[in-house]
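Written below as structure tokens is the structure these notes are about.
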There are 2 protein chains.
Amino acid sequence: VSGAADIPTIGVFDSGFGGLTVLRALVSRMPQAHFAFLGDTARLPYGSKSRRTIARYAADSAQFLVREQGAEFLVIACNTASALALDAIQDAVPVPVLGVIEPGAAAAKAASRGGDVLVIATDATVQSHAYASACRAQALRALEKACPLLVPLVEEGWTDHPVTAEVIRIYLDELTQDAASKGLHPDTLVLGCTHYPLLRSAIERAVPTGVRVIDSADAAADAAVRLFGDGADRIAVDPAPESSLRCSSLRCFATDSVEKFERLGSRFLGCPVGKVELVDLGG
Amino acid sequence: VSGAADIPTIGVFDSGFGGLTVLRALVSRMPQAHFAFLGDTARLPYGSKSRRTIARYAADSAQFLVREQGAEFLVIACNTASALALDAIQDAVPVPVLGVIEPGAAAAKAASRGGDVLVIATDATVQSHAYASACRAQALRALEKACPLLVPLVEEGWTDHPVTAEVIRIYLDELTQDAASKGLHPDTLVLGCTHYPLLRSAIERAVPTGVRVIDSADAAADAAVRLFGDGADRIAVDPAPESSLRCSSLRCFATDSVEKFERLGSRFLGCPVGKVELVDLGG
């Protein structure tokens, strides 16, 4: 079930739909590649679960993409799985695996002048302190905050809603006050969850003046191009990405309710996801 | 691992913590019984998943309580599992099984004068129309509405928060306008999710004057007393329930993160849950 012999398949994995924002960024940069996307929707959300459980679920999912779909590269389009299970996934499959945390931290490094950055993410991502570690490796100081209501608000479709604006204001006020009390002067905010790009404009309206918003989905796609793209001489890179979304080969899989995936998925991908295939990972 | 020979064990099952509101109501009525509670926290929430997936998870959980913990009765303290998987659970175990939907509808029947009732619940419960069917069997007309943000708001701890009050106002406004457009004159609102009792006072402030709020957790506990209580001559029923919570024998199990369960569980149970034991259902 792999793609044509000379065009490799990139496997993209998320616990749900959010990773489609990463897929969108990947497709716009490498429209010639074959993509296989798996949303482990029967077991979402990962963001409230433990490292052990997330690692087990993520390894199952990665093995499906490599063994069943012939993926030659994997992008973990889920901050929680990247934060808690990147090692477990790398151990589970024999192909290169790229997470979203390191690229997000590298993009924050490129954006920040002062070196103090803020990160918003799920509970599990924050508790792992994966962003703080990745930022420290880039000589950045990072302050992380869990924003558990933002994913449900996106999934309710309230992306441009006064309640969502108020929740964002509350979370960002708490975060900036905490930063001030610690003597930090942040100039960069990392969106450390693949749902958050759908709230980007609301978040940009709520951040203090002078703070740049970094999307880890875009950062991961740029890193994927460097890792899997022209350098590998097998995947052409679009010189003018994001102009329009066209994908020559995309198969989408979900572990639950393909109808819901088809309905919500297009909101994240920015175009119809097509027919979604149901898979059973035995969970 | 069953209880003492002459005191039966009641198994109580939920996808997460919300069912502890049902457990609380059960313990207050039958403090002498032995209880085994399982929260399938590794696979929560059920409310956004499909019938097939929910039935599989719920049957696993029911079998654990009966086979491993010796439960002689089961209470499905989860509206979603009761709505979508009661038959599957009854097929999976050889003991009496009580859900929360029928008792909730019966309590609505007792409370409603006009016969028009409103039900708020998760997406999956509403899409199953289990409450509408159960209410129809009681000669009630029911209008159901999914309120997917309420569970995350409770889990964020925002039970007494202006954002939560506003979300409740929006949901109930939409529901009462929908009822008016259909010519209904509701006088009763059923809380069709075991998380919602923690929002009861906020919901009571938001419902139109004259609408009574019915808690399916209380209704299910009353039904359990009739089914498993003095009638069975083996479980004493407290004549003055809810005065204080004391439980002679309670074991709590979770499929993920016992720390989170211990922290959040006491908020739902109304007293410490004690040591929570981790179980692996293979999911």
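Order of the sequence lines sets the chain letters (A, B, ...), proteins ahead of strands, with each chain counted from 1.
With a 4.5 angstrom heavy-atom cutoff, R51(A) does not touch chain B via any of its atoms. Of the two parts of L150(A), neither the backbone nor the side chain holds a non-hydrogen atom closer than 4.5 Å to a non-hydrogen atom of chain B. With a threshold of 4.5 angstrom between heavy atoms, L153(A) approaches chain B through its backbone and through its side chain. Proximity to chain B is absent for every atom of P162(A), based on heavy atoms less than 4.5 angstrom apart.
Most heavy-atom pairs under 4.5 Å with chain A, from the set P152(B), P148(B), A42(B): that is A42(B).
Across all non-hydrogen atoms, the minimal contact from K49(B) to T41(A) is CE-O, 3.5 Å.
D280(B) has its side chain within reach of R56(A): a pair of non-hydrogen atoms, C-beta onward, lies under 4.5 Å apart. At least one side-chain heavy atom of R52(B) sits less than 4.5 Å from a side-chain heavy atom of L278(A).
Enclosure of atom CG in D160(A) is not indicated, since only 12 or fewer non-hydrogen atoms of other residues, nucleotides or ligands lie within 6.0 angstrom.
Taking CZ of R43(A) as the reference point, atom OG1 of T53(B) lies at 10.5 Å (rounded to 0.5 Å).
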